[in-house]
Amino acid sequence: MSYCPECEAVIDEEFEDVGEVISCPECGVELEVISVDPVEFDLAPMDDEEEDDEFRFDDTEDEEEWDDEDSYEEDEEDADDI
């Protein structure tokens, strides 16, 4: 019997290979088997792609296309009203 290092849930399974990756049944975090006798876990390393996706910020989706000429014309119209 072993415990999840993240939420301390009991994980009562046997494992044959160090390096095997499982998901915690309680919190869902990915765990890597670091010892089989006794069974011990550590948080599984993230793939490079997952790390890149986690920290990627793409603000172009909600951004409206900017047209300099349109905004300039609006500014001229506002200036004429003054």
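FYI, side chains are in, hydrogens and waters are out, and symmetry mates aren't considered; it's all heavy atoms of this structure.
Atoms CD and CD, on Glu8 and Glu26 in that order, are 12.0 Å from each other to the nearest 0.5 Å.
For Ser2 (side chain) and Val39 (main-chain N/O), a donor-acceptor pair under 3.5 Å exists by modelled atom type.
Closest approach of Pro38 and Ser35 over heavy atoms only: O-OG, 2.7 Å.
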* Run the numbers on Val18 and Val36 for side-chain contact (heavy atoms from CB on, under 4.5 Å), then give the verdict. => CA-CA 6 Å; Val18 170; Val36 291; 4.2 Å; yes
* To do: Give the intermediate values and the outcome of side-chain contact (heavy atoms from CB on, under 4.5 Å) for residues Val33 and Phe41.
  => CA-CA 5 Å; Val33 177; Phe41 302 101; 3.8 Å; yes
* To do: Quick one: do Asp42 and Leu31 satisfy side-chain contact (heavy atoms from CB on, under 4.5 Å)? Show the steps, please.
  => CA-CA 6 Å; Asp42 196 2; Leu31 303 171; over 6 Å; no
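Hydrophobic clustering, with ILVMFWY side chains joined whenever heavy atoms are under 4.5 angstrom apart, groups Leu43 together with Ile11.
With a 4.5 Å cut-off between side-chain heavy atoms of Ile, Leu, Val, Met, Phe, Trp and Tyr, the cluster of Met1 takes in Tyr3, Val10.
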